[in-house]
Amino acid sequence: MKKILVVLVLFCCVFLLDCHPIYAEETIKGNCGESVFWEYNNGLLRIYGNGEMKTNPWMNYKDCRENLRKVIIDEGVTTVCEKAFNTTKGDSLEYDYMAEGVFLPDTLERIGEMAFAFSWGLKEIDIPAGVKSIGEGAFAHSSNLQTVTFSSGCKLEKVEAYTFSGCSGLENIVLPEGISYIGDGAFTECRSLKKINLPDSVSKIGKRLFYECYLLERIKIPDGITSISTGMFIKCYHLTKVEMSNNIKKIGSYAFSFCSSLEKVNIPSELEEVGKQAFIYCAALEELNLPDTITRIGVDAFEGCSGLKRIRFPQKLKEIPSKMLYDCTGLKKINIPVTVTKIGKNAFGGCASLKRLVIPPNVKKIDPCHQDCPGLKEILNKSKVTYSLSASELVMNWYQGKKRVTEVKPGKAVVSKGKRFQITYDSGLLKKYKINVNGKLPTSYVYGKEPKMPQKVKAADSNILFMGWRYRVNRKKYKSGPTRTWYNARVTQFSKGLKGDVKVFPMVDKVMVRKNSTKKVVMVSKVLLKDYLTADSIDLGYISKDPGPRYLMFQARYADNKHMKNAKYLPLLSHEWTRRFALKNLKKGKVYYIQYRSIPFRYFGVPSETCWGQTFKVKIKE
């Protein structure tokens with residue numbers, strides 16, 4: 001009898017559960033405008049009615065914040081309110097938030113500020129033709145957003161600041177005609193963006209528009225633009241060509257900073273001003289023809305343009321600012337216009353190939369301007385001021401006749417003679433990593449005539465890569481400031497107080513290549529920074545035992561041939577101990593060759609400054 005009762009009880013429980021499913025999703029609904037309503041159930045949010053959406057009450061529900069997959073907004077709704085679907089990293093634990101898409105009605109006229117910000121799962125969005133305004137940061141940090149489509153006849157007039165900022169998955173976008181304004185940082189950190197058009201209707205652009213768009217390759221500036229904004233292309237490492245109209249009067253500060261692949265830029269014929277650090281470390285630039293309309297150039301404007309071979313100065317220029325051509329190592333000749341009255345400190349510092357310098361007659365003030373120019377053999381001072389050589393006297397011996405001098409008097413010329421330095425080596429590192437040197441190591445050199453250091457250097461461990469030679473001086477003995485780098489046998493300026501004792505040691509990194517699938521190869525670099533503390537811009541007096549990795553950048557490249565022809569370069573990385581380079585979309589059954597290198601902080605992408613490490617050979621599995 002008891003067994004029969006138990007069976008009956010179980011049967012009743014099952015029947016009741018079937019009739020009243022307590023685990024079923026409950027529909028949540030309410031108002032979000034005067035005549036606009038919403039309802040949410042099981043990951044689907046539907047918004048319907050007529051008029052403006054004014055609030056987002058669904059975001060008060062945790063289930064909606066964490067599990068929202070799809071949004072449908074019906075015809076009749078005219079706006080998406082501010083922060084309508086804006087979540088934060090702490091809310092949505094899954095990267096499929098909105099993964100099934102957002103569907104906007106043709107009646108939509110405005111998308112509010114931060115409306116879809118941090119929608120990590122959102123992959124594509126169609127902007128209806130009736131939308132006239134997209135608010136600030138509307139799609140910011142939607143990292144998986146890949147496609148943005150504007151409907152035919154789109155009435156959009158403005159792209160506000162940071163609209164697509166941080167959309168790291170966005171590769172291409174076609175902006176509609178009719179847009180007149182694009183705000184600050186609208187596409188900042190769109191690190192996959194390769195192609196974008198700026199419509200002819202655009203007449204004003206904000207600052208840092210394409211900041212860190214690593215893969216952007218080329219772009220044309222509309223005729224209506226009169227100024228390249230501040231920081232417009234900072235760290236666009238793959239940018240090779242920019243077309244500018246002659247209507248542009250100013251290139252703003254940092255406009256092309258660290259565009260290390262920029263090969264060609266047509267300088268507008270009516271340009272009046274070049275801002276500070278405008279082209280800093282544009283290492284691929286070979287020639288610059290600066291028109292006579294330019295009256296002002298900012299400090300550091302062309303610093304680090306190591307590939308620059310020719311430059312024409314504006315013939316009305318009155319001042320050459322500090323560090324204007326600093327570290328332009330390929331520049332052999334500089335013709336200073338007769339209109340120049342002032343030359344700033346280190347204006348030509350680091351121009352290692354410069355052989356002769358003539359100071360024009362109208363110069364009234366000149367600071368030491370050629371520190372670290374080992375190739376400079378003669379200076380002719382045609383001005384009426386005495387010119388100090390203090391920036392170079394520590395390493396270069398300057399003579400007038402047979403007399404050694406530290407300054408050049410008006411109307412006089414001086415010639416230089418190199419100073420000899422002794423070289424010692426850090427044998428501890430060579431033994432530690434069992435590094436074999438193929439070739440004889442030099443024991444001394446004359447400044448300006450650096451010896452060739454052996455490049456065929458290999459460690460016993462295949463994961464230890466030789467990256468180049470670095471030197472340092474004994475800080476305690478000589479109280480030197482920051483030292484510079486010796487890569488590929490190029491020694492530049494030594495710090496103050498160097499007496500002739502130069503210590504050289506190998507730079508090594510530990511790199512591993514892992515094949516974890518047929519579509520991806522991951523290269524992992526563990527930086528051995530403790531083994532070579534002295535990097536550019538590091539003052540050892542302010543460094544603890546563990547200086548951190550912030551002073552170096554890292555880059556990898558790969559090709560289908562061992563000569564690395566037509567190699568593909570991955571974006572530079574920094575600020576982490578472990579570097580992970582992912583090589584995607586590799587073909588099955590094919591062999592690839594991979595190389596890696598580290599670059600000092602001051603030399604973003606300058607190719608002549610570092611060695612590529614050993615070549616890894618990888619065959620992709622069938």
Side-chain angles (χ1 to χ4, degrees), residues 28 32-33 36 38-48 52-74 77-105 108-128 131 133-151 154 156 159-175 183 185-193 196 212-213:
I28 312 169
C32 55
V36 182
W38 67 279
E39 59 180 41
Y40 171 80
N41 182 275
N42 196 27
L44 171 64
L45 175 66
R46 179 175 168 242
I47 299 169
Y48 56 95
E52 296 184 6
M53 177 201 303
K54 293 187 176 180
T55 60
N56 60 342
W58 50 84
M59 295 305 288
N60 294 325
Y61 296 87
K62 183 178 180 181
D63 182 63
C64 186
R65 291 198 309 270
E66 294 187 355
N67 299 307
L68 182 61
R69 302 290 179 268
K70 187 176 183 178
V71 177
I72 298 176
I73 303 178
D74 287 354
V77 179
T78 58
T79 65
V80 175
C81 71
E82 295 180 3
K83 299 183 179 180
F85 309 100
N86 179 12
T87 183
T88 62
K89 197 168 184 178
D91 292 325
S92 181
L93 302 178
E94 302 289 339
Y95 277 83
D96 54 358
Y97 181 78
M98 282 192 174
E100 295 179 26
V102 174
F103 300 88
L104 304 177
L108 196 67
E109 297 176 358
R110 181 173 66 86
I111 298 174
E113 292 182 9
M114 304 291 287
F116 297 96
F118 299 98
S119 298
W120 293 293
L122 186 62
K123 295 181 180 179
E124 58 182 80
I125 189 78
D126 292 332
I127 309 295
V131 174
S133 171
I134 299 178
E136 189 170 315
F139 298 95
H141 300 287
S142 295
S143 55
N144 284 309
L145 184 62
Q146 298 174 8
T147 305
V148 178
T149 305
F150 294 90
S151 298
C154 188
L156 188 65
V159 177
E160 296 291 352
Y162 309 105
T163 298
F164 298 100
S165 171
C167 293
S168 55
L170 188 62
E171 294 185 4
N172 303 298
I173 186 169
V174 178
L175 299 174
F187 298 96
T188 231
E189 296 181 9
C190 290
R191 291 170 178 167
S192 298
L193 187 65
I196 186 173
E212 287 193 2
C213 290

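Computed from a predicted model, the values in this text were never measured in an experiment. Side-chain atoms are counted along with the backbone in the values below, which use heavy atoms only and exclude waters and symmetry mates.
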*Let me see the working for Y97 and F85 under side chain to side chain contact (heavy atoms under 4.5 Å, CB included), right down to the final yes or no.*
CA-CA 10 Å; Y97 181 78; F85 309 100; 4.0 Å; yes
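Contact annotation: the side chain of C32 approaches that of I47 to within less than 4.5 Å [non-hydrogen atoms, C-beta and beyond]. Residues I173 and F164 form a side-chain contact, since some pair of their non-hydrogen atoms from C-beta on lies under 4.5 Å apart. You'll find the side chain of F116 reaches within 4.5 Å of the side chain of V80, heavy atoms only. You'll find the side chain of D74 reaches within 4.5 Å of the side chain of R46, heavy atoms only. Between L44 and I72 the shortest side-chain heavy-atom distance falls below 4.5 Å. Taking 4.5 Å as the limit, some side-chain heavy atom of V71 sits within range of a side-chain heavy atom of M98. Within the 4.5 Å cutoff, the side chain of L104 has heavy atoms near those of the I125 side chain.
Of the possible donor and acceptor atoms, none in the side chain of N67 sits under 3.5 Å from a partner among the backbone N and O of G43.
Atom-to-atom distance recorded for Q146:CD and L122:CG is 10.0 Å, nearest 0.5 angstrom. Rounded to the nearest 0.5 angstrom, I111 CD1 and F139 CZ are separated by 4.5 Å. The distance from the CD atom of E113 to the CD atom of E136 is 5.5 Å, given to the nearest 0.5 Å. The structure places SG of C167 at 10.5 Å from CD of E189, a figure rounded to the nearest 0.5 Å. Within the model, atoms SG of C190 and CD of E171 stand 11.5 Å from one another, a figure rounded to the nearest 0.5 Å. With rounding to the nearest 0.5 Å, the separation of CG in N56 from SG in C81 is 4.5 Å.
E100 pairs by the side chain to side chain contact (heavy atoms under 4.5 Å, CB included) definition with R69, K70, not counting sequence neighbours. Applying the ring-ring contact (aromatic ring centres under 6.0 Å, His included) rule to F150 yields no partners; only residues at least two apart in sequence or on another chain are considered. Residues that satisfy the salt bridge (charged side-chain N to carboxylate O under 4.0 Å, His left out) test with D126, not counting sequence neighbours, are absent from this structure.
The minimum heavy-atom distance linking S142 with F118 is given by the pair OG-N, 3.9 Å. Nearest heavy-atom pair across G185 and S165 is O-CB, 3.7 Å. Smallest separation of non-hydrogen atoms from T79 and V77: O-CG1, 3.5 Å. Considering every non-hydrogen atom in both I73 and M53, the closest pair reads CD1-CE, 4.3 Å. A138 approaches I134 most closely through the heavy-atom pair CB-CG2, 3.5 Å. Between P128 and P105, the shortest heavy-atom distance links the atoms CG-O, 3.2 Å.
Using bins of under 30°, 30° to 60° and over 60° for the plane-to-plane angle, the ring pair W38/W58 lands in the perpendicular bin.
Within a 6.0 Å sphere centred on OH of Y61, heavy atoms belonging to other residues, nucleotides or ligands number 12 at most.
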